[in-house]
Amino acid sequence: MDSSNPIERSSSSEISFKSASRSLSSNPSRASRGNSVRTGSFHDLGSRPVRLGSRGGDSEMFSASQKEISDEDARLVYLNDPAKSNERFEFAGNSIRTAKYSIISFIPRNLFEQFHRVAYIYFLIIAVLNQLPQLAVFGRGASILPLAFVLLVTAVKDAYEDWRRHMSDRIENNRWAWVLVNDQFQQKKWKDIQIGEVIKIKANDTLPCDMVLLSTSDSTGVAYLQTINLDGESNLKTRYAKQETISNIPEKDKISGLIKCEKPNRNIYGFQANMEVDGKRLSLGPSNIILRGCELKNTAWAIGVAVYCGRETKAMLNSSGAPSKRSWLESRMNSEIIALSLFLIALCTVVSVCAAVWLRRNSDELDTMPFYRRKYFRGSEPENYNYYGLVAEILFTFLMSVIVFQIMIPISLYISMELVRVGQAYLMIRDTQMYDEASNSRFQCRALNINEDLGQIKYVFSDKTGTLTENKMEFQCASAWGVDYSDGKISTQNQQVRCSVKVDGRIVRPKMSVKVDPQLLELSRSGGDSEEVKHVHDFFLALAACNTIVPLIIDDKSDPTAKLMDYQGESPDEQALAFAAAAYGFMLIERTSGHIIIDIHGERQRFNVFGLHEFDSDRKRMSVILGCPDGTVRVFVKGADTSMFSVIDRSLNKKVVRATEGHLHTYSTLGLRTLVIGMRDLSDSEFEDWHFSFEAASTAVIGRAALLRKVASNVERNLTILGASAIEDKLQQGVPEAIESLRTAGIKVWVLTGDKQETAISIGYSSKLLTNKMTQIIINSNSRESCRRCLEDALAMSKKLRAVSETSDNIGTSSDAARGPVLCCRVAPLQKAGIVALVKKRTSEMTLSIGDGANDVSMIQMADVGVGISGQEGRQARMGYMILYNFYRNAVFVFVLFWYALFACFTLTTAINEWSSMLYSIIYTSLPTIVVAILDKDLSRRNLLRYPQLYGAGQRQEAYNRKLFWVTMLDTVWQSLVVFFVPIFAYWASTIDVPSIGDLWTLAVVILVNFHLAMDIIRWNWIFHVAIWGSIVATFICVMILDAFPMFVGYWAIFHIMGEVSFWVCLLGIIITALLPRFVAKVLYQHFTPDDLQIAREVEKFGHQRDIAAEVEMNPIMEPPPRR
Amino acid sequence: MIGEATSSGGGGKDDSPAAVSGKKNKKPNYSRFTQQELPACKPILTPGWVITSFIVVGVVFIPIGLASLYASEHVVEIVERYDKDCIPPDYRNNSLHYIQTSETDKNCTMTINVPKLMKSPVFIYYELDNFYQNHRRYVKSRSDKQLRSKASEGKKNIAWKSDQEHKFGSDIYPKNFQNGSLIGGGKLNPSIPLSEQVDLIVWMRTAALPNFRKLYGKIEKDLQANTTITVTIENNYNTYSFGGKKKLVLSTTSWIGGKNSFLGRAYIAIGGLCLFLAVCFVFVYLLKPRPLGDPSYLSWNRNPSGQMN
């Protein structure tokens, strides 16, 4: 099922500021959660769509629920009978294994995974080629060295990571749980838990496996769970045991039964099963299962039966690592590597063609040429000695040149990039400025390979709720029965009232205080019988009752005698509403599955909850059917304005409806989240009808969700409007400044929200996303053909799209035109992903998504970079420079080898010691690049923030583009010519021997490339000095060591040549001459066309004299500055 | 993932009652390294630096260049090509035959006139041209092991201590290079251990370039001007087949090496160029100055609209 959704398969890499961020890629569908009316968890409020409420998922689940779970597809679990449960099928045990390798499998598996990199295969082939005697250019050891080195480094890294996973696995597996064995709960290790066993969980324990709830300490069978480890939501979720099982006491009553459930799957919001207990057949839904990784809260104990264990638990199935995102740079680099390969092939071709020409020309003399000696004259007949004919010789030459020039493809680049990313991530994680005091969380980097893309973002997609705003809702205004209280303004002077009630003899007050409107408070308190008062009462009753809030009484930290009433629920809007109702005297005190108790101005009233139609994204409303103390049955509905006005009977109270509509408009203009509340009295016959169909629907095995939806829409009609509420979702601190910076940095900010258009626009203004200078274009179009095409991923929901799109800003085609920020409202989660995908496809720019909730997951996965922006450091510049530099330094080296091939009769004799040429990219030159790529930075933090526009350099890819690539390659050729020909001319017709001149070349190249790098370092601190000068010294030492082995031809060569003055004169001349053009070009470039970074650097260094001027200059200058 | 979540996922919102207590502070420790605030020097190419560096390079390079040019000029070098001259006139058109048969007399006597005073030590080289001693087949055909196993004390470094083999007197009796010749061979004196076969060792140190010299000997005596040296050469080695030249070289030496003016000229050229560039840049900075760190040069300030893109 999961694979049918393309978004699922895209990765979940994200970099996030919040530790509570999640990277689950499940396809949660809520429609299947049929069974229970009392299901606790749902978001309501049309303005905040359900988490990942994919409509596609709905329909799939619908079709899935059409069929009875067949025996083949089902998993049979015998309650309290692990032996029988496990006898037929090999179910997974509860021990988990996140580690990839074992000791035995490590080497083959790790090698297999490493060789997924094409470059490694290339190097393997070269190493193998080199083993053939005809082609053996290098010694055996030297040829394998580089490959062995990178493989080893990666293997060590993998092994370390895996070892840590092993450790954490061991800790997990050895935790203790209470398991029913022989009618007694005994402690058992997690790894020994089997399917079918009955497990007892105590408060604050973590669940060891996925279990079906049997009973809890609560008499109604409620258990509260915290799922923060699973989906990152910190609020409590309610789960229910079946009425039929809650009375059983496992120790005494022999429990037996059979659960038939679906095969393990990743959907953490879906579960389908049947349970046969005592001959009765019950259906189980997602509200009856508790999942591994969650914690039991506010419940003394809970008993459940294990149905999925170990790797088959939903948590584990979801933890399978998502495929990683490939950074733009890496894919670009691959194309450059192909270019380099072509280059390499060209070089090799030149050599082999030259060799062929030479052989042809001298074909007559080959036999006698003293350095060729084709014929072997030992026997009577001269025979060919190591000569296989012209064609073969040419082929050998070609292959040998590939071997000699192999380092043209920088093997160490992959490793260097990895190390650089680790280093960058380390710096980002350790950054004290990236630490959030409030949540005690630091920056987390979940995907290493996209660091450098942070410097290139062009589009930022942001969720509004919880990302731009705090997601701490505050009740602000109410419109009850057509009257707007608080005059539509957010009043601040209103008295803060905390009403309190007595529960069990103790005073309990709501945890959150709410600003109240005195007039409305007066009305709610007055016991009058006027219609207005009645409706106000109903309004607050609806607020208090029509939700899924669980009231909890907790200790007041400041006042030990008093208790606080805390409302736990999944939707912060509901919490705000419940607190508001409490402030106006309607305090929800108790909620069980069958009834709720509300304290109305000191008078405790009990309402029977007959049924509850949970929120879903189609209806965008929820309703509750209450049996009131006076015997009437009413349905209370609340929901988004669009969906509510379609079910409100407009003929009843035209004036009120119209007034409320006006108020709604006012509220949303203020940036408030609005909800409309309605109700209806149900007659006895209506109630009977509803009750019958509701019972039928909720126990239905097939198509439960659809049936329930139908029942709900039947009862939610002809409502009387009660009023509307407005909730403020406060902007997070610093949001306006951040958005302004992003805008100046040339990043296009798109806010995608489910809110109303007016709300969205007002938030846009307050967050400085929109300014008065901008021309506002509001597009309210229906689902256009192009739009639908673009939102391919949302195809399944395109029908609904049309239904929604009356007010939906379909940005389908606007992306090309969109120069400024874009606000999209009324966007469903999958639409968000669709928009991101669209922009990615249309513009091929870097995108970044920020979101907090599970409803943003798809959007985050779709974007190139998930949550989080550093915005300060042009990482890409560094990384881009590093890649370019890597190409350059290997190319210089290869060119030197190549030139020499022309002077060695095109036969690929290598002057440079084979070990040196292998160590070149590993030891001699690699460290400085890595250090520079990690640590160098353009400017100080302060200055980068001062000029957000500098970010544009990364967006324009100034550090790494094709032009730069070719210019660098030109420079490379020049430098290699200098390195090669200065010694050639200096030592022409002299006694110089091969190893000596080779050593000279080696040292010259190494010093040259290190100086080249040193020229481009922006901030020199001691680490750079150590790395660069250290590398040069290390090279000298290595060359000396290599020349101290008598078995090498170059024995003692370096010591002889270093004794000659000409060696040092050559070296100095090479370095200066080679770098001269580059230096001149750099100076000219910086002088005549300085880029922004350059100017800013100068400002930073010399800025103290010009600080005042600089501040002034920050304002855009209307006229071009005078150029002298 | 679960393991990771349990260890790191606890930092949720503070409104859940149980999550607040007992959490360790995750704030990273401040250090100048992790904050990337290490003291650093930020070099910027100011006009002063640019001009100074050009001048410094020029001032350093030109004297070095002059000195090495001077040294090289004072090296006295006598190059005598003998491959052509040593063929008797009858064989001029059939030099291959001459060199390949064993019947011909290969001895050849040359007289060399010393034009200038040559201070001791005077090195004697033989020079080969167009001879790819660095040819892959040649390089591969040698076996260090074989050489070592033959000679019990195969210390190859003696080869460079060819200074040991001082040869006195102005008359030289060259041998042929048997290990290179096609015919014959085996003329090495088998009684001498390989480590003492200095000429062979010198030969075996592979020349880097197709045009190379090999040290043959040394004259530890000043050669006065107009001295005539008679050299007897055994012209055995076949270079005629590939058009290689054979030369005999007598040369003094200097601190920079042999007679090679390249380095000196190159240094003077580069030094001169740098001085020239210094002057150019002085003009550039005078005629088209750009104030450093002037924010009005920032792209968004240069652009009247103040807008990116």
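In what follows, every chain begins at residue 1, and chains take the letters A, B, ... in the order their sequences are listed.
- Note on A:G998, A:P995, A:A986: by heavy-atom pairs under 4.5 Å with chain B, the leading option is A:A986.
- Using a 4.5 Å cut-off between heavy atoms, A:F906 makes no contact with chain B at all.
- Taking A:I1023, A:N362, A:V982 one by one and counting their heavy-atom pairs under 4.5 Å with chain B, the maximum is reached by A:V982.
- B:S251 does not touch chain A: none of its heavy atoms, backbone or side chain, sits under 4.5 Å away.
- Here CG of B:L209 is found 8.0 Å from CD1 of A:I992. Values are rounded to the nearest 0.5 Å.
- Within the 4.5 Å cutoff, no side-chain heavy atoms of B:N211 are placed close to those of A:F903.
- Side-chain contact between B:S68 and A:V1061 is absent, with no heavy-atom pair separated by less than 4.5 Å.
- For A:S990, the part lying under 4.5 angstrom from a heavy atom of chain B is the backbone only.
- Ring-plane geometry between A:F985 and B:F262 is classed as tilted, the angle between the planes lying from 30 to 60 degrees on a 0 to 90 degree scale.
- Side-chain atoms of A:H1087 come within 3.5 Å of backbone N or O of B:K288 as a donor-acceptor pair.
- Within the 4.5 angstrom heavy-atom criterion, no atom of B:L128 approaches chain A.
- Taken from CG in B:L45 to CE in A:M1015, the straight-line distance is 7.5 Å, to the nearest 0.5 Å.
- Between the CG atom of A:L908 and the NE2 atom of B:H135 there is a distance of 10.0 Å, given to the nearest 0.5 Å.
- The shortest side-chain heavy-atom distance between B:Y132 and A:T909 does not fall under the 4.5 Å cut-off.
- For B:W255, the CH2 atom is densely surrounded, since the number of other residues' heavy atoms within 6.0 Å is greater than 12.
- Ranked by heavy-atom pairs shorter than 4.5 Å toward chain A, the options B:F281, B:Y267, B:F212 are led by B:Y267.
- Note that the CG atom of B:L273 and the CD1 atom of A:I1072 stand 12.0 Å from one another [nearest 0.5 Å].
- Note that the CZ atom of B:R290 and the CD atom of A:Q1094 stand 6.0 Å from one another [nearest 0.5 Å].
- Every residue two or more places apart in sequence or in another chain that forms a side-chain contact (heavy atoms from CB on, under 4.5 Å) with B:C41 is listed here: A:W1020, B:P43.
- In this structure, the portion of B:S53 lying under 4.5 Å from any heavy atom of chain A is its side chain and not its backbone.
- Contacts of B:L277 with chain A are made by side-chain atoms alone, with heavy-atom separations under 4.5 Å and no backbone atom involved.
- Of the two parts of B:C280, neither the backbone nor the side chain holds a non-hydrogen atom closer than 4.5 Å to a non-hydrogen atom of chain A.
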Practice task
Take A:Y900 and B:N134 through the test side chain to side chain contact (heavy atoms under 4.5 Å, CB included) and record every step on the way to the result.
Solution key: CA-CA 10 Å; A:Y900 189 65; B:N134 57 9; 3.0 Å; yes

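- To the nearest 0.5 angstrom, A:L1068 atom CG is 10.5 Å from B:L263 atom CG.
- A:Q1086 touches chain B through backbone and side chain together, each having a heavy atom under 4.5 Å away.
- Contact annotation for A:F1024: neither backbone nor side-chain heavy atoms come within less than 4.5 Å of a heavy atom of chain B.
- Of all heavy-atom pairs spanning A:A989 and B:E127, the tightest one is CB-OE2, 3.9 Å.
- Proximity to chain B (any heavy atom under 4.5 Å) is shown, for A:I984, by both the backbone and the side chain.
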